[in-house]
Amino acid sequence: MASAGSDPAAQAAFLARNAAEALPAGGLEDRLREARDQGRPLRVKLGLDPTAPDIHLGHTVVLQKLREFQDLGHRVVLIVGDYTARVGDPSGRSDTRPVLSAEEIEANAHTYERQAHRVLDADPERYELRFNGEWLDMPMEQLFRLARTTTVAQLLDREDFARRYAQGTPISILELLYPLMQGYDSVAVRADVELGGTDQTFNLLLGRDIQRHHGQPEQSVLTMPILPGIDGAEKMSKTKGNQIGITEAPEEMFGKTMRLPDEAMAVWFELLAIPAPAPDVAARDRKRELARAIITRFHGAEAAAAAQAGFDRVFVAHEVPEEIEEAQVAAQDGTVHVPAALAEAFGISRSEGRRLVAQGGVKVGGEVLGPDDLDLAAARLDGAVVQLGRRRFRRLRVPG
RNA sequence: GGAGGGAUGUCCGAGUGGUUAAAGGAGACGGGCUGUAAACCCGUUGGCUCUGCCUACGCAGGUUCGAAUCCUGCUCCCUCCA
């Protein structure tokens with residue numbers, strides 16, 4: 001990884017190299033210099049919305065940036081928005097968010113923290129975890145003070161609110177309050193810097209206003225671009241099903257990365273802070289390197305090499321994988337009805353199983369089944385590897 | 001408070017009494033070619049005890065030999081007026 005040296009200007013440039021925006025101009029450098037002169041680490045804040053239970057690569061873009069701050073000796077303050085989650089961040093939403101129960105929030109926050117540690121340094125000197133319920137459960141008087149800092153016009157200026165207002169979609173007062181609460185988090189933890197995705201720009205900047213109103217120096221804001229999902233187009237998100245979760249198996253990570261459209265590769269290298277190979281390396285090999293680097297980060301180099309070997313085995317050499325999940329299927333009078341067996345083993349419907357057989361999408365022990373192979377001898381299937389399409393495998397067990 | 005428009009399969013969207021499991025498109029899946037990329041070609045795309053049966057066009061009833069299509073009530077959404 002590139003080194004930033006100890007010069008504040010160089011550090012700021014390093015930290016901002018793959019960021020979307022660093023606001024205000026020169027702000028980050030000033031904060032870095034200040035910290036060096038005072039001999040203290042910066043307090044770098046990131047707010048987590050505990051609505052999403054699992055962290056995926058998209059989240060790690062920001063986490064990775066936090067890690068860079070840590071590696072430069074600064075202190076990360078992770079804020080679990082247990083209280084704000086009861087409101088729901090309206091950013092990028094066209095309608096009101098569903099409200100989570102306290103139990104869900106608790107469970108999500110826990111998962112989140114555990115997974116965040118795969119990227120962050122958990123050294124207590126460099127890491128601090130807070131729940132914003134700690135200070136947001138505030139007296140009315142304090143809320144009044146907070147509410148005075150911002151005008152409705154300011155809030156309605158924000159694109160998503162503006163759009164909803166124009167469309168006549170309801171905006172609750174609670175939602176208007178959300179950015180204020182997030183801003184107050186910065187006051188509560190005395191943030192020097194706050195990170196977030198570009199969709200957070202408004203909230204992050206509002207935090208500056210709120211800090212100023214509370215007599216604090218204003219935080220510097222660093223926003224990271226949004227990582228596209230494995231479809232290469234839309235924002236990575238679990239709901240869109242285009243995510244790579246950081247706890248996913250290495251083979252899954254490899255396969256999914258290889259599915260990434262070529263055009264999206266450059267963005268991934270940049271945002272994930274993975275050194276890109278020379279441009280004259282073949283696209284195929286650049287992508288393999290990307291996949292290996294991602295797996296190395298979360299599972300280690302050995303797992304990465306194994307994942308690639310497994311991938312080559314199945315998709316390049318067209319052999320069956322080394323480890324195959326087993327599935328038990330029922331036989332009747334020594335005969336197995338294939339559509340039913342496929343339905344059981346792969347969790348598809350029988351009709352779909354029948355269709356796949358008819359289309360030549362099912363192999364048993366490497367041999368393609370024909371349209372008439374709807375019933376097979378149990379002996380032939382027991383212990384045999386069944387392949388559905390190109391990448392679904394099961395080893396069947398047929399109890400006698 | 002008043003007037004009007006709409007709700008169809010994963011999504012978009014045709015269809016206004018009779019092969020309509022429902023046109024077309026998107027997506028997804030399978031096959032071919034590949035690098036599980038792109039592009040391109042072919043096919044499939046509700047379920048099942050599968051030459052048949054069941055379920056399905058917002059919900060509940062009704063008319064009819066027969067309804068997504070007609071009638072009644074209900075729910076939800078949208079537009080305009082106040």
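Below, chains carry the letters A, B, ... as their sequence lines are ordered, and counting in each starts from 1.
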Once you apply the 3.5 Å cut-off to both distances, tell me the Watson-Crick or G-U wobble partner of [N], or none.
| N | value |
| --- | --- |
| rA67(B) | none |
| rG43(B) | rC29(B) |
| rA23(B) | none |
| rU79(B) | rA3(B) |
| rC74(B) | rG58(B) |
| rU34(B) | none |

Do any side-chain nitrogens or oxygens of Arg391(A) fall under 4.0 Å of OP1 or OP2 in rC29(B)?
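Result: yes.
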
Whether Ser349(A) contacts rC48(B) is assessed here as follows: a side-chain N or O lying under 4.0 Å from the phosphate OP1 or OP2. Is that the case?
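So the side-chain polar atoms of Ser349(A) do come within 4.0 Å of the phosphate oxygens OP1 or OP2 of rC48(B), strictly under.
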
Span that lies between the [atom1] atom of [M] and that of [N], in whole angstrom:
| N | M | atom1 | result |
| --- | --- | --- | --- |
| rA22(B) | rC57(B) | C1' | 8 Å |
| rA68(B) | rA14(B) | C1' | 12 Å |
| rU19(B) | rA67(B) | P | 11 Å |
| rA39(B) | rG24(B) | C1' | 23 Å |
| rG1(B) | rU55(B) | C1' | 43 Å |
| rC78(B) | rU8(B) | P | 15 Å |
| rC29(B) | rU72(B) | P | 46 Å |
| rG6(B) | rU16(B) | C1' | 15 Å |

Any donor-acceptor pair under 3.5 Å from [X] side chain to [Y] backbone:
| X | Y | value |
| --- | --- | --- |
| Gln154(A) | Thr151(A) | yes |
| Arg397(A) | Glu326(A) | no |
| Gln115(A) | Ile55(A) | yes |

Below 4.5 Å, heavy atoms only, C-beta onward: do [X] and [Y] meet side chain to side chain?
| X | Y | answer |
| --- | --- | --- |
| Lys235(A) | Asp199(A) | yes |
| Leu396(A) | Leu381(A) | yes |
| Val385(A) | Arg395(A) | yes |
| Leu206(A) | Leu155(A) | yes |
| Val193(A) | Leu15(A) | no |
| Leu32(A) | Leu72(A) | no |
| Leu222(A) | Val44(A) | no |

Would a single hydrophobic cluster contain both Val61(A) and Leu290(A), if residues Ile, Leu, Val, Met, Phe, Trp and Tyr are joined by side-chain heavy-atom contacts under 4.5 Å?
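Linked within one cluster.
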
Between [atom2] on [N] and [atom1] on [X], what's the gap in Å once rounded to a whole number?
| X | N | atom1 | atom2 | answer |
| --- | --- | --- | --- | --- |
| Ile348(A) | rG47(B) | CD1 | C1' | 13 Å |
| Leu388(A) | rA28(B) | CG | P | 17 Å |
| Gln387(A) | rG31(B) | CD | P | 8 Å |
| Asp231(A) | rA28(B) | CG | C1' | 13 Å |
| Asp285(A) | rG35(B) | CG | P | 11 Å |
| His318(A) | rC33(B) | NE2 | C1' | 11 Å |
| Phe315(A) | rC33(B) | CZ | P | 16 Å |
| Phe346(A) | rG30(B) | CZ | C1' | 13 Å |

Ring pair (Phe, Tyr, Trp, His ring centres under 6.0 Å) contacts touching [range] (sequence neighbours left out):
| range | result |
| --- | --- |
| residues 296-317 of chain A | Phe254(A)-Phe311(A), Phe311(A)-Phe315(A) |
| residues 222-247 of chain A | none |
| residues 214-239 of chain A | Tyr184(A)-His214(A) |

In [range], which residues come under 4.0 Å of RNA chain B by heavy atom?
| range | answer |
| --- | --- |
| residues 369-381 of chain A | none |
| residues 355-366 of chain A | Arg355(A), Leu356(A), Gln359(A), Gly360(A), Gly361(A) |
| residues 244-267 of chain A | Gly255(A), Met258(A), Arg259(A), Leu260(A), Pro261(A), Asp262(A) |

Could you list who else is in Leu204(A)'s hydrophobic cluster, with ILVMFWY side chains joined at under 4.5 Å, directly or through other members?
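Under the 4.5 Å side-chain rule, Leu204(A) groups with Leu23(A), Leu205(A), Val221(A).
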
Within residues 374-393 of chain A or reaching into it, pairs that qualify as side chain to side chain donor-acceptor pair (under 3.5 Å) - sequence neighbours excluded
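Listed once each, the pairs are His337(A)-Asp375(A).
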
Pair listing, side chain to side chain donor-acceptor pair (under 3.5 Å) test, anchored in residues 304-325 of chain A, at least two apart
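Passing the test, one end in residues 304-325 of chain A: Arg288(A)-Asp312(A), Arg292(A)-Gln308(A).
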
Mapping Arg284(A) and Glu352(A) to their closest nucleotides on RNA chain B, which lands nearer the 5' end?
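Looking at RNA chain B, the more 5' nearest nucleotide goes with Glu352(A).
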
Using the 3.5 Å cut-off, write out each protein N or O paired with an N or O of nucleotides 20-27 of chain B and the distance between them.
none

For nucleotides 51-55 of chain B, which of its nitrogen or oxygen atoms have a protein nitrogen or oxygen under 3.5 Å away, and what is each distance?
none

So what does Ser351(A) touch, heavy atoms closer than 4.0 Å: a base, only the sugar-phosphate, or nothing?
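Result for Ser351(A) = base.
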
Could you check whether Arg392(A) gets within reach of a base, just the sugar-phosphate, or nothing at all, counting any heavy atom under 4.0 Å?
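Contact class for Arg392(A): sugar-phosphate only.
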
Side-chain donor-acceptor contacts of residues 257-272 of chain A below 3.5 Å, not counting sequence neighbours, with atom names and distances?
from: Thr257(A); atom 1: OG1; to: Met253(A); atom 2: O; distance (Å): 2.7
from: Asp262(A); atom 1: OD1; to: Lys287(A); atom 2: NZ; distance (Å): 2.9
from: Trp268(A); atom 1: NE1; to: Pro228(A); atom 2: O; distance (Å): 3.0

In terms of side-chain heavy atoms, does Gln182(A) have a donor or acceptor partner in Asn203(A) at a distance below 3.5 Å?
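Yes - a donor-acceptor pair under 3.5 Å links their side chains.
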
